[in-house]
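Just so we're clear, the structure is a prediction, and the values are computed from it rather than from any experiment. So that the names make sense, note that chain A is the first sequence line, chain B the second, and so on, each numbered from 1.
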Number of protein chains: 2
Amino acid sequence: MSLADAAGTDVLSMRKLAQELGVVPMALYKHVANKDELLDGMVDLVVAEIGPPGAGEWKSAMRARILGARRALRRHPWAARVIESRTAPPPALLGYLDSMAGMFRAGGFSVALTHHAMHAMGSRLLGFSQELFDDTGAAPDPAFVRQLARAYPHIAEIAGAAAGHDAASTVGACDDQVEFEFALDLLLDGLERLRAAEA
Amino acid sequence: MSLADAAGTDVLSMRKLAQELGVVPMALYKHVANKDELLDGMVDLVVAEIGPPGAGEWKSAMRARILGARRALRRHPWAARVIESRTAPPPALLGYLDSMAGMFRAGGFSVALTHHAMHAMGSRLLGFSQELFDDTGAAPDPAFVRQLARAYPHIAEIAGAAAGHDAASTVGACDDQVEFEFALDLLLDGLERLRAAEA
DNA sequence: TGCCAAGGTGTACGCCGTACACCTTGGCGG
DNA sequence: CCGCCAAGGTGTACGGCGTACACCTTGGCA
């Protein structure tokens, strides 16, 4: 995990890991069956870093726990990608999801609505979500940005990428955390409304 | 794309593709700079299969287009994974996202709210979302399922996996399309509420 | 007629995961 | 004290991958 934290999952190969450990690659196979099992184990450890659910009303308890999960995932930037790559969820992940489902049920959700809710939340339960673009990379060359803004005016407007350009944009640089919480609250509020309607 | 459709992206290697084309691997590099460029091109073609936006009120127009995108993605099961793997969005994808942002703006969303909305929708704009589990695999051995149900009672309850077991579960097998539309409508309704509040 | 660009070829390198056979070592029962 | 045996490290090798680089073929046009 230290190696992955430092160098990224793409650099984590059995060979590199063995080298880091001062050992020959095949030695690792005395401890894990294969690379997938290694990755599963890493996921389990990350999930273990997420604390237990807190008490209180379902929505705020779940919100807090999800933000906790997000912090854990943030400490290990490779974790989200690795989790996505798993074919079957590692045991600790299943345990976590189970307890999240339990929080819905305890909050008064029917079985069916809990099912829908779990799907609707998807990876957001673990504090991440797949964005189709990362505006994080910062703008390179102004001329290129201008051409890009011409080709994709709405995106430019949104991104505030045409900095000072034509768009009197009210959005500054993009804050991941704010966007995550926005979407999270949108979902939680919607679910709460459905729960109330159900009762 | 035919090769990927038939065999899955994991099987699509430059060497296999070349073989399929009756050509030596290196011949491909006269047409694409590298494998990433090939994948970018494939994504562009998939995105091109999504039609133009329809007319009408923003919510139903966007709903229809997203479900169209989902159909396109469904025709090419590898597409979602390949899109996730891109570091920079291919041009056609940017164009699509731009037009989606345009639909929000035309529907009366402020720039800022459009920005939030785009993030909140995330990959759902393209008709897919990352699920942490696929209940598609069908239940294998009843004894195993029972043990699993004991370890993860809420998941079992939700999945209806404990078929006929203790949970008088009202959920049957899990319908991806239904779950997708549930979450989609949850988001669209929430956004519409915010738009109305903004006005 | 000769050239030249487009595109196919062959060889090679360095990476990957991992199968298989082997060796070292330390602790424990006899 | 001896011998064994399990845990764990080693070495070699295979088949896959993406792709750099030098080379060859061919068809159309000046």
Side-chain angles (χ1 to χ4, degrees), chain A residues 1-48 76-93 130 132 134 137, chain B residues 1-48 76-93 130 132 134 137:
Chain A
M1 285 176 62
S2 322
L3 179 57
D5 286 347
T9 320
D10 40 332
V11 189
L12 185 138
S13 69
M14 296 303 267
R15 292 169 131 99
K16 296 266 181 57
L17 176 57
Q19 188 178 355
E20 198 77 2
L21 264 40
V23 119
V24 95
M26 285 309 294
L28 304 177
Y29 288 88
K30 288 287 152 77
H31 303 270
V32 291
N34 49 48
K35 191 178 182 179
D36 269 347
E37 193 175 293
L38 172 68
L39 294 175
D40 281 357
M42 292 169 63
V43 170
D44 276 354
L45 286 180
V46 172
V47 172
H76 307 292
W78 44 268
R81 280 209 172 279
V82 172
I83 289 172
E84 283 177 54
S85 78
R86 301 303 73 209
T87 53
L93 184 47
Q130 56 198 165
L132 260 8
D134 44 343
Chain B
M1 287 177 62
S2 321
L3 179 56
D5 286 347
T9 318
D10 40 332
V11 189
L12 185 139
S13 68
M14 296 303 266
R15 292 169 131 98
K16 295 267 181 57
L17 176 57
Q19 188 178 358
E20 198 77 2
L21 264 40
V23 118
V24 94
M26 283 311 292
L28 303 178
Y29 289 87
K30 288 288 151 84
H31 304 271
V32 292
N34 49 48
K35 191 178 182 180
D36 269 346
E37 192 176 294
L38 173 68
L39 294 175
D40 281 356
M42 292 170 63
V43 170
D44 277 353
L45 286 179
V46 171
V47 171
H76 308 291
W78 44 268
R81 278 210 172 279
V82 172
I83 289 173
E84 283 177 54
S85 78
R86 298 308 73 209
T87 53
L93 184 47
Q130 56 196 167
L132 260 8
D134 46 342

Open item on the list: Within the structure provided, determine whether A:N34 and A:M14 are in side-chain contact (heavy-atom separation under 4.5 Å).
Closed with: no
Open item on the list: Strictly by salt bridge (charged side-chain N to carboxylate O under 4.0 Å, His left out), give each pair with a member in residues 76-89 of chain B just once, sequence neighbours left out.
Closed with: B:D36-B:R86, B:D40-B:R86
Open item on the list: Could you tell me the Watson-Crick or G-U partner of C:dC20, where both distances fall under 3.5 Å? Say none if there is no partner.
Closed with: D:dG11
Open item on the list: So, OP1 or OP2 of D:dA7: does either fall under 4.0 Å of a side-chain N or O from A:H31?
Closed with: no
Task: Non-neighbouring partners of A:A27 that pass side chain to side chain contact (heavy atoms under 4.5 Å, CB included), sequence neighbours left out - done: A:V23, A:V24
Open item on the list: I'd like to check A:I83 versus B:Q130 (side-chain heavy atoms, cut-off strictly below 4.5 Å). Are they in contact?
Closed with: no
Pairs: protein N or O with nucleotides 26-28 of chain C N or O, under 3.5 Å:
none

Task: Summary of salt bridge (charged side-chain N to carboxylate O under 4.0 Å, His left out) pairs that have at least one residue in residues 15-34 of chain A, sequence neighbours excluded - done: none
Task: Where protein sits on nucleotides 11-20 of chain C, one letter per nucleotide: B base, S sugar-phosphate only, - none, heavy atoms under 4.0 Å - done: BB---BBBBB
Open item on the list: Checking base pairs now: Watson-Crick or wobble, both atom distances under 3.5 Å. What partners C:dT25?
Closed with: D:dA6
Open item on the list: Any heavy-atom pair between the side chains of B:D5 and B:P77 that's under 4.5 Å?
Closed with: yes
Task: d(NZ, A:K30; C1', C:dT25) in whole Å - done: 13 Å
- [ ] Could you check if a side-chain atom of A:V46 sits within less than 4.5 angstrom of a side-chain atom of A:M1, using non-hydrogen atoms only?
- [x] yes
Task: Separation of atom CG in A:L17 from atom P in D:dG9, rounded to whole Å - done: 12 Å
TODO: Output all residues satisfying side chain to side chain contact (heavy atoms under 4.5 Å, CB included) with B:P91, sequence neighbours left out; order by chain, then residue number.
DONE: A:Y152, B:D44
Task: d(CG, B:L21; P, C:dG8) in whole Å - done: 9 Å
